Every structure is written in structure tokens, then in C-alpha cells.
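The structure appears right after this line, and notes come after that.
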Amino acid sequence: MDTNNNNVLYELSGQVEAVVYRNDENGYTVIELAGENEMITAVGTMPLVSVGEHVKLYGTYKNHPSYGQQFSATACERSMPENLDGILKYLSSGAIKGVGPATAQRLVKEFGADTLAVLENDPVRVAKIKGISQDKALDISNQLKQVVGIRELMVYLANFNIDAKSAVAIWKCFGNQAIQYIEDNPFILCDERLNISFDTADSIAKYQDRAYDDRFRVRAALTHGLNHNTLNGHTCVPYDKLLDVTSRLLSVEPVCVESALKEMLEDSSLMAETIDDKEFIFTTAMHQSETYISARLQMLLRYPAMRISDVDKKIEFIERVDNIEYAELQKQAIKEALTKGMLILTGGPGTGKTTTLNAIIRLLKENGQKVCLAAPTGRAAQRMSKLTGEEAKTIHRLLEVSFDIEDKPVFKKNERNMLNCDAIIVDEVSMVDCVLFESLMRALPLSCRVILVGDSDQLPSVGAGNVLADLISSGILPVVELKEIFRQSMQSLIVTNAHKIVSGEMPELTKVDNDFFFIQKLNMEEAAFTIADLCTRRLKNTYGYSCMSDIQILSPTRKGVLGTYELNNRIQNIINPKDKSKREVNVGYYTLREGDKVMQNKNNYNVNWVKENGEFGEGIFNGDIGILEEINNSAHVVKVRFEDKVAMYDQDSLNDLELAYACTVHKSQGNEFEAVVMPVHNFPPQLMYRNLLYTAVTRAKKMLILVGDKNAVAKMVNSNKRILRFSGLKDFLQRD
């Protein structure tokens with residue numbers, strides 16, 4: 001039998017001979033199973049499985065790099081031992097607390113094959129055994145009921161394709177009454193702690209033949225609608241829109257939905273706020289996030305950090321010693337940062353944000369202030385470090401991310417364990433969503449100086465909220481926008497064209513002797529060919545740029561001839577084609593091959609990494625780019641080298657990787673590249689807008705090449721449609 005084929009699902013059954021390891025929090029277990037002719041190591045989610053039980057497992061064989069071949073179980077069917085030998089092994093193993101080998105012998109001798117049934121259902125008889133009190137007999141009974149309960153729950157939930165790991169979480173929430181609770185209201189599974197989808201819960205409801213307008217169904221659908229919009233960036237939804245969408249989703253009358261919504265507002269399951277004379281609905285989590293941010297910022301304004309004196313003299317001293325002359329807005333920003341508790345520093349490329357920031361850091365440190373620097377992504381933090389000469393961390397690392405029992409990220413730094421700093425400077429704030437910003441606010445000491453740096457003309461954060469734009473537009477926070485393009489930056493068409501784009505002017509596309517180029521290709525296939533040729537041959541031959549480390553294709557879309565999927569495959573086939581000497585693995589839309597440029601497509605806090613200096617940790621974040629160095633098929637481990645560390649991916653984490661020769665503009669936020677090549681063509685209207693083009697252009701450090709249609713460029717420049725985001729932060733900040 002070919003046990004190395006990962007695509008074949010095997011069935012394995014036998015008696016559990018040993019429990020090698022068990023994680024009681026998530027049910028992950030390693031057991032030794034007595035097969036037909038050998039002992040087999042099996043791993044997987046097998047909660048409460050114990051020695052003596054008979055199990056039937058479904059899964060695949062894998063080779064662990066340290067422990068050799070194992071059976072990885074994706075499903076487990078259990079049955080309690082029925083023969084005397086199995087019952088004795090089960091009870092002697094310690095599966096039931098308070099029952100050891102000697103007690104097990106007495107119980108089996110007394111009750112024989114009925115031992116487990118008596119222990120579970122007749123504690124009075126059990127208490128008559130020497131050495132077992134009434135309380136101990138009741139405790140044994142409860143423990144067995146727990147084991148039986150979780151087994152029955154797993155079998156029940158398997159009918160609705162809910163896996164064992166989720167079953168463990170559900171049992172922890174509801175205990176032995178879980179099935180009864182689900183029968184009464186399947187939508188309790190939509191609880192945020194469980195992460196079971198509305199569609200799954202609705203399938204159970206349909207199986208139960210519940211009415212379409214069932215009260216629990218409507219309440220769950222309202223929460224589902226809000227959570228779905230959160231994934232699209234909104235922290236709240238207009239009352240009328242939520243009613244309409246939910247009514248159509250459920251095929252019920254709006255009056256029914258409105259009744260449920262009013263009930264949820266009355267019991268505070270959801271929150272309502274009137275913003276600009278219009279009612280908006282929030283989940284309690286999003287409402288808490290934005291109201292906390294508002295309250296914390298207003299407190300910082302009322303109780304600001306200590307004012308630093310003689311700032312004008314100190315600026316003059318730096319100018320004289322360093323032979324530098326700050327522009328008036330730069331001086332204003334430095335003074336605001338040092339004399340007030342808070343500053344938002346914004347401005348486009350070439351306007352001197354870094355020079356201003358370096359002066360602020362220098363003067364704060366000279367005044368004895370401890371300054372923390374942070375950015376939302378690893379690349380943005382590295383860039384910040386290079387430009388300032390100071391250590392900068394990701395916000396996650398600064399707040400010391402860890403994980404709760406449900407493997408969800410939590411931060412060790414919070415209002416009970418605050419950051420040790422007098423001032424904090426955060427770059428690329430346009431990328432920071434409201435939940436992360438709330439976490440940062442919670443960790444700030446009282447009277448901490450806060451300096452936020454970003455470009456509000458960039459695309460907003462991937463997560464919910466519109467933090468930077470809301471902070472600026474609220475009008476209550478000190479804001480300095482640097483507008484003057486410095487002489488050295490005026491020489492760059494990337495800089496001047498970026499400012500033209502953001503002002504609604506057509507960029508200069510005809511020059512061929514600078515750093516910004518346009519190549520007209522009206523046919524999409526020709527445009528794709530040109531982009532591939534630029535990245536794999538022309539830019540390398542002319543400028544020495546590498547497709548792996550210097551050049552980045554940025555596309556507005558994933559789909560189509562000029563989307564990231566097809567462009568990635570096209571580039572891969574040219575520079576890293578299929579080769580017998582290179583191992584590969586299929587992941588999603590792509591075949592990843594040793595030597596490929598890859599990107600992390602979501603935050604994964606469980607990936608282990610190590611740096612050359614021996615520092616190690618875990619967590620690779622959305623947008624991180626690296627090189628896939630090695631695929632170990634036998635160990636099911638993939639090694640990826642990122643800029644400052646090497647990460648090891650197991651099979652479960654592999655789906656977080658994708659090819660990165662081309663990525664979407666959204667994914668490029670926080671990054672800078674030596675050269676950017678961007679297709680600009682007749683894309684769907686929702687992708688043809690100014691901020692997206694501006695964001696792409698400002699990702700390029702030394703060269704930007706647009707390939708496509710001038711008319712498409714004009715459409716994007718003329719469309720000042722920003723991504724519509726419903727949020728409440730601006731309004732909360734403006735309230736007294």
C-alpha cells in the first residue's frame with residue numbers, strides 16, 4: 001500500500017494502547033493504536049480518547065521530521081470498551097480521575113461487562129464498593145457522562161460537516177447539554193467564540209424544519225450581515241440597508257426583521273448610533289472599539305504629554321549644526337509634536353516626512369524621552385528602521401502578541417500592562433484598522449506622546465475602519481500636512497506624477513528619460529506579454545533589476561489576463577519553470593516550486609521562524625514576501641526565507657502562501673519596491689479610481705512603468721470615488 005500518497009483517504013481501526021500526548025484545550029492527541037500486525041502512531045483531534053477504547057480513524061499517512069511515519073486523522077469514531085480486558089485497561093489508565101489499577105480491578109470484578117454502564121448511571125451501587133464514597137461515585141458518574149456526551153456531540157455534528165475541533169469548542173461552551181441547546185436554537189453556534197458560519201447553522205435549522213421567520217434565525221442573520229460588512233471594511237451599517245439585506249437573505253418580510261432588530265437593540269446585542277441624522281447599527285465589538293479609541297484620544301488631548309520648552313531654539317541649533325533648512329510646515333510639525341500631546345503628520349511622497357520625523361525623534365531623545373517606533377507590517381517597520389536609524393517593530397510585536405485557548409491573538413501589553421515609553425511614533429497609519437488601533441490605545445501609558453504618520457490618500461486598511469481619515473477629518477486633533485515637494489524630489493516623475501494624480505491631474509506619460517514610463521498596449525494579451533518581458537528580461541538587461549528582489553508587478557485585480565493569477569503563472573513559467581530537480585507543491589490556484597517568490601496572504605500567528613542571530617518566534621503577517629527555499633515532501637514542511645528570518649510551514653499553513661511576482665495593489669500597502677510595473681487597462685469600474693492608482697505609484701522607489709491604455713489612466717485619475725466605508729469614529733470624536 002502506498003502510504004505516501006496524501007490524496008488517498010485511509011480507514012484505520014483498532015484499540016488504543018497508549019495516549020502519548022493530549023492537549024485538553026483543543027483535543028489534539030497522539031495515540032498508539034494496535035493495528036492488525038503492528039503498533040501505529042496516530043495524531044489528530046481526538047478529545048478525551050483513552051486507553052482501552054476502540055477507534056475508527058479516517059485520514060492520511062505522513063512522515064514527521066522527528067517522529068517518522070504517523071497516521072494523521074481527520075475524523076475519529078469512538079466506542080467504549082466492551083470486553084473485560086478493554087474495560088480494565090480503560091479504567092486502569094487514569095482516564096477516570098480517582099480510579100487507579102487497584103480500584104479498577106475491584107470494579108470489574110464486581111460489575112463485569114456492565115462496569116461502565118453502572119459507573120455512569122448507578123452511583124449508589126458504586127458507592128458500596130470499598131474505598132469509594134458517595135461523592136467519589138458521583139464524580140466518576142459525571143466524568144463518564146462527559147466522555148459519552150462529547151462523543152455523542154461529535155457524532156451529531158458530523159451530520160452537518162462540523163469537524164472534531166469545532167465540536168470540542170462547542171462542548172466547552174455548552175457541556176453535556178450542547179445537543180439540547182442546538183436542538184432548541186441551532187444559531188447559538190454562530191457565537192463569535194465558535195466561529196461556525198451562519199450558513200452551517202441555517203442548514204441545521206432547515207433540517208429541523210424551522211420556520212423562515214424563526215426569531216433566532218432572524219437575530220443570527222442580522223449579526224451575520226454586520227460581520228460580513230466588517231470583512232468589507234465597515235464598522236457599522238445603515239439601519240435601512242441592514243433591514244433590506246437581511247430581509248432578502250432570509251426571504252422574510254422587513255417588518256419581521258425590524259422587530260428582531262429592535263429586540264436586539266433593547267437587550268444590547270447590537271448597538272445603534274445616529275450619525276449625520278441617519279441611524280447606524282454596530283456589533284457590540286465594533287462599537288466598543290471605536291468609542292474606546294475616541295474616549296482615549298480625547299483623554300490624551302485633555303491630559304497631554306509634558307510640553308518641551310525652547311523648541312524654536314532647538315530647531316535652529318539642528319539647522320546650524322547639520323547645515324539643514326526646514327520648511328515652515330516641517331518646523332510647525334516639529335513644534336506641534338514637542339509642545340502638544342499628539343500630532344498627525346501627513347503628506348505625499350517627497351514632502352519631507354522622514355526628515356521631519358528624524359528631527360522629532362532626535363529632540364525627544366535629547367530631552368530624555370523614551371521613544372517607541374512601530375508600523376503595521378514587517379516591511380514597513382524595516383523601512384522605518386532604515387530611514388530613522390532607530391529600532392522599529394510591528395505593532396503586533398510591540399504589543400507582544402500571544403494566543404488564547406482558541407488560538408486567537410491577544411496582546412500581553414494592555415491597560416494592565418502598559419508599554420514602557422514616553423512617546424510612540426506609528427508609521428503607515430492608513431493601514432491600521434480600528435481593532436488594532438484600539439489595542440494600541442489600550443497599551444499606552446497616561447500622558448504618552450502620540451505621533452501618527454501616514455498618507456490619507458492611500459488605500460484604507462484591509463481590516464474594518466477608516467482610522468487615519470476619520471482622525472484627520474474629525475478636526476479635533478493637531479494635523480500638519482506637508483505639501484511642498486523638495487527640490488531633489490522634484491527631479492522624480494514618480495513624485496511629481498503622484499502629486500498630479502492625487503490632485504486629479506493627468507500624469508506626464510510622454511517622457512522617456514526619467515523614472516516614470518508609460519507603454520501603450522491596447523490589447524490585453526500584448527500588455528501581459530510586455531509586462532512579462534519587462535520583468536524577466538528588459539529591466540534586468542538594462543538596469544540590473546531582479547524579478548525576485550527588485551521588481552514588483554502590481555495589478556488592480558486578481559482575475560483576467562492582467563490579473564495576479566495569470567501574471568504570476570506567466571512569470572513563473574519563464575524564470576522558474578517546471579524542473580525535475582525542483583520539488584513543488586500545489587496550493588490553491590498555484591503550483592509553488594522551490595525558488596519561487598511567495599507572499600503570505602493572511603496573518604498566521606502559528607508559523608515558527610528563526611533569525612540568523614538565533615532569535616526565534618512565531619507569526620508571519622499578511623503581505624510579507626519571501627523566497628521558497630525548500631520543499632520537504634516526506635516531512636510535509638516548506639522552508640521560506642523572508643528578509644530577516646527563515647520560516648517553516650507545515651501542511652496546514654501552506655494555504656497562506658501564494659506566488660508573489662505579481663500582487664494586488666491592496667496587498668502592496670506598507671511596502672516599497674525598487675521598480676513597479678503596473679497594468680492599466682479596462683478593468684471593472686469598481687477598480688478604476690484615483691486612490692488605487694496613487695497607492696500603486698507611490699510604492700515605487702526608483703522606477704514606475706505603466707502598461708496599457710491612456711484612456712484607462714485618465715478614467716482612474718478622474719474618478720475621485722474613495723472606497724465607501726461606514727464608520728463612527730469621526731462622529732464619536734466630535735461629540736462633547
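It should be emphasised that the depicted structure is a prediction, and the values quoted were computed from it without experimental measurement.
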Heavy-atom closest pair (His499 atom, Thr351 atom, distance to 0.1 Å) is CE1-CG2, 3.7 Å
### Message
How close do Ile275 and Gly728 get, counting heavy atoms only, and between which atoms?
### Response
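Scanning both residues completely, I find the closest heavy atoms to be CD1-CA, 3.7 Å.
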Note, [X] side chain near [Y] side chain (heavy atom, < 4.5 Å):
| X | Y | result |
| --- | --- | --- |
| Pro460 | Arg725 | yes |
| Leu657 | Gln600 | yes |
| Lys393 | Glu400 | no |

List in chain and number order the residues that pass ring pair (Phe, Tyr, Trp, His ring centres under 6.0 Å) with [X], two or more places apart in sequence or in another chain; answer none if no residue qualifies.
| X | answer |
| --- | --- |
| Phe282 | His287, Phe732 |
| His396 | Phe411, Tyr605, Phe621 |
| Phe518 | none |

Notebook entry, point to check: If you count the non-hydrogen atoms of other residues, nucleotides and ligands that lie under 6.0 Å from CZ in Arg302, is the total more than 12?
Noted result: yes
Exercise. Step through the shown structure and confirm whether more than 12 heavy atoms of other residues, nucleotides or ligands are within 6.0 Å of NZ on Lys413.
Key: yes
**Q.** Side-chain donor/acceptor of Ser289 to backbone N/O of Ala285, under 3.5 Å
**A.**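 Side chain of Ser289 to backbone of Ala285, a donor-acceptor pair under 3.5 Å: no, none is there.
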Donor-acceptor check, side chain of Asn568 to backbone of Gly563, threshold 3.5 angstrom: yes or no?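 Checked: no pair found.
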To the nearest 0.5 Å, what is the distance between [atom1] ([X]) and [atom2] ([Y])?
| X | Y | atom1 | atom2 | answer |
| --- | --- | --- | --- | --- |
| Leu509 | Asn497 | CG | CG | 7.0 Å |
| Leu471 | Ile293 | CG | CD1 | 7.5 Å |
| Gln552 | Cys663 | CD | SG | 4.0 Å |
| Met599 | Ile625 | CE | CD1 | 3.5 Å |
| Leu704 | Ile494 | CG | CD1 | 5.5 Å |

Which pairs count as salt bridge (Lys or Arg N to Asp or Glu O under 4.0 Å) when at least one residue sits in [range], sequence neighbours excluded?
| range | value |
| --- | --- |
| residues 269-296 | Glu273-Arg735 |
| residues 450-462 | Asp457-Arg722 |
| residues 343-361 | none |

What's the verdict on salt bridge (Lys or Arg N to Asp or Glu O under 4.0 Å) for Lys365 and Glu390, showing C-alpha distance, side-chain angles and the deciding distance? CA-CA 11 Å; Lys365 293 183 71 174; Glu390 303 286 337; 3.0 Å; yes
Check salt bridge (Lys or Arg N to Asp or Glu O under 4.0 Å) between [X] and all other residues, then give those that pass, not counting sequence neighbours.
| X | answer |
| --- | --- |
| Lys241 | none |
| Lys331 | Glu319, Glu328 |
| Glu508 | none |

TODO: Take Gln458 and Ser430 through the side-chain hydrogen bond (donor to acceptor under 3.5 Å, both in side chains) test and state the conclusion after the steps.
DONE: CA-CA 7 Å; Gln458 301 278 2; Ser430 63; 5.8 Å; no
Residue pairs passing the side-chain hydrogen bond (donor to acceptor under 3.5 Å, both in side chains) test with at least one member in residues 462-480, sequence neighbours excluded, are Asp470-Ser727
The side chain to side chain donor-acceptor pair (under 3.5 Å) partners of Tyr292 (sequence neighbours excluded) come to none
| task | For the residue pair Thr346 and Glu481, confirm or rule out a side-chain donor-acceptor distance under 3.5 Å. | result |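 On atom types as modelled, these side chains do not qualify, holding no pair under 3.5 Å.
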> Do Tyr239 and Phe280 have ring centroids that are under 6.0 Å from one another?
Replying inline: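 Between Tyr239 and Phe280, which both carry aromatic rings, the centre distance is not below 6.0 Å.
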Practice task
Apply salt bridge (Lys or Arg N to Asp or Glu O under 4.0 Å) to the pair Asp624 and Lys602, showing each step before the final yes or no.
Solution key: CA-CA 9 Å; Asp624 287 351; Lys602 68 177 182 180; over 6 Å; no
Item to complete: Run through Arg383, Lys386, Arg379 and flag the one making a salt bridge (Lys or Arg N to Asp or Glu O under 4.0 Å) with Glu672.
Response: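 With Glu672 as partner, Arg383, Lys386, Arg379 yield a single salt bridge (Lys or Arg N to Asp or Glu O under 4.0 Å), made by Arg383.
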Side-chain donor-acceptor pairs of residues 415-426 under 3.5 Å, sequence neighbours excluded:
residue, atom, partner, partner atom, Å
Glu415, OE2, Arg442, NH1, 2.8
Asn417, ND2, Lys412, O, 3.0
Asp422, OD2, Lys370, N, 2.7

